[in-house]
Amino acid sequence: MRLLFCGDVVGRAGRQVLLERLPALRAEFALDAVVVNGENAAGGFGITPQICQEFFAAGTDVITTGNHVFDQREIIPQLDREPRLIRPLNMMPGTPGRGSVEVRLVDGRKLVVLQVMGRLFMGPYDDPFRALEAELAKHTLGATAHAIVVDLHAEATSEKMALGHLADGRVSAVIGTHTHVPTADAWILPGGTAYITDVGMTGDYDSVIGMEKSISLQRFRSHVPAQRNVPALGEATLCAVFLETDDRTGLARRFEPLRLGGRLSGTTPDAG
Ligand SMILES: [Fe+2]
Ligand SMILES: [Fe+2]
């Protein structure tokens, strides 16, 4: 299976580069499915039903979120209505929405996408290790699903690496999100699971993690409450990873970062 996973889309600049580039990328890389983290798509905070529709129409199969999932209140009912929009598994019982989705490709192959959130420097979420174990017990890679992709939404590199090792050999890929800064550790773990600590954001990098740098600086340098953060609106970079899995085992065969447009110089793997 050939998949693309795009990191946290931040604001209008991020949405624009995603919507412009995705249709061509789908064709160029002969993609079977596309997963997009959309937790910052609406002005940097959350996502709206309309933005979800735009992402789906442009060729997105699954939208993941994160700690910002509820920032736009209008998305709350949508989380129960739209299975292709997921939030982290390890939120309190009774939280709207689901932490995983099974997608049937047009050719019948099955892709499972799930999301788990870290706790270090994050909120008081349920144990992500236990939540991931419980979810993985429902699937057998290569038997009940052709591919399984985990969106690992967390801050601390240590917690992310530990969760990656927990899932190694049981999922196709563990892809880090949330920090908005790409890491250089895209590799395939010993058990065959592709892993990256963070894929990076899809947004304007002339910013502080996607937000207007002057406001962010002011917030760090003064006790006086500053203006609310707003997304930076310069040309955005699309940060993603391309994943190719073995349909028989579900494990990773190729895993390569992709950085397109904007100020972040990067890599574009050969689509062949
Ligand atoms: Fe984010
Ligand atoms: Fe986040």
Side-chain angles (χ1 to χ4, degrees), residues 4-18 34-48 51-52 55 60 62-73 75-76 79 85-92 95-97 99 113-126 128 131-132 149-161 163-164 174-183 196-213 215-216 219 228-233 236-241 257 259 262 264:
L4 190 75
F5 185 109
C6 302
D8 310 36
V9 175
V10 182
R12 193 194 313 153
R15 298 198 308 271
Q16 201 170 347
V17 72
L18 180 81
V34 174
V35 181
V36 175
N37 184 302
E39 74 153 358
N40 309 105
F45 298 94
I47 189 165
T48 62
I51 293 172
C52 290
F55 286 6
T60 301
V62 175
I63 299 171
T64 61
T65 53
N67 53 306
H68 287 289
V69 60
F70 297 119
D71 287 358
Q72 304 290 331
R73 293 193 60 81
I75 204 65
I76 297 173
L79 283 158
L85 171 69
I86 65 170
R87 47 90 176 149
L89 283 165
N90 53 321
M91 296 180 116
M92 289 182 201
T95 302
V113 181
L114 56 110
Q115 183 172 42
V116 69
M117 188 148 57
R119 286 190 296 194
L120 292 179
F121 314 117
M122 306 283 288
Y125 301 107
D126 288 348
L132 185 58
V149 171
V150 179
D151 178 335
L152 172 51
H153 199 78
E155 183 76 31
T157 52
S158 56
E159 191 180 28
K160 289 170 118 169
M161 289 181 78
L163 282 159
V174 174
I175 299 167
T177 59
H178 175 74
T179 73
H180 294 197
V181 178
T183 56
I196 188 166
T197 299
D198 206 298
V199 60
M201 68 169 170
T202 293
D204 177 9
Y205 277 79
D206 184 20
S207 67
V208 175
I209 62 169
M211 308 310 272
E212 176 54 43
K213 58 191 178 186
I215 300 173
S216 187
R219 293 173 72 93
R228 184 183 157 94
N229 270 322
V230 295
L233 292 174
T237 303
L238 188 152
C239 276
V241 278
R259 286 170 205 156
L264 198 69

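Note that ligands are numbered from 1 as they come in the structure, with each ligand's atoms numbered from 1 the same way. Please read all numbers here as calculations on a predicted model, not as lab measurements.
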Item to check | L89 side, atom CG; D126 side, atom CG - distance, nearest 0.5 Å | outcome: 10.5 Å
Checklist entry - Any idea which heavy atoms bring V181 and D198 closest together, and the distance? => result O-CB, 3.4 Å
Next on the checklist: Does N40 form a side chain to side chain donor-acceptor pair (under 3.5 Å) with H180? I'd like the steps, not just the answer.
Outcome noted: CA-CA 10 Å; N40 309 105; H180 294 197; 2.9 Å; yes
Checklist entry - Which residues pass the salt bridge (Lys or Arg N to Asp or Glu O under 4.0 Å) test with D204, sequence neighbours left out? => result none
Item to check | Considering all heavy atoms, the nearest L120-S158 contact | outcome: CD1-OG, 4.0 Å
Next on the checklist: Suppose the cut-off is 2.8 Å; which protein N/O/S atoms would you list for the Fe ion (ligand 2)?
Outcome noted: E39 OE2, N67 OD1, H153 NE2, H178 ND1
Checklist entry - Do you know which two heavy atoms are closest between G44 and P231, and how far apart they sit? => result N-CG, 3.7 Å
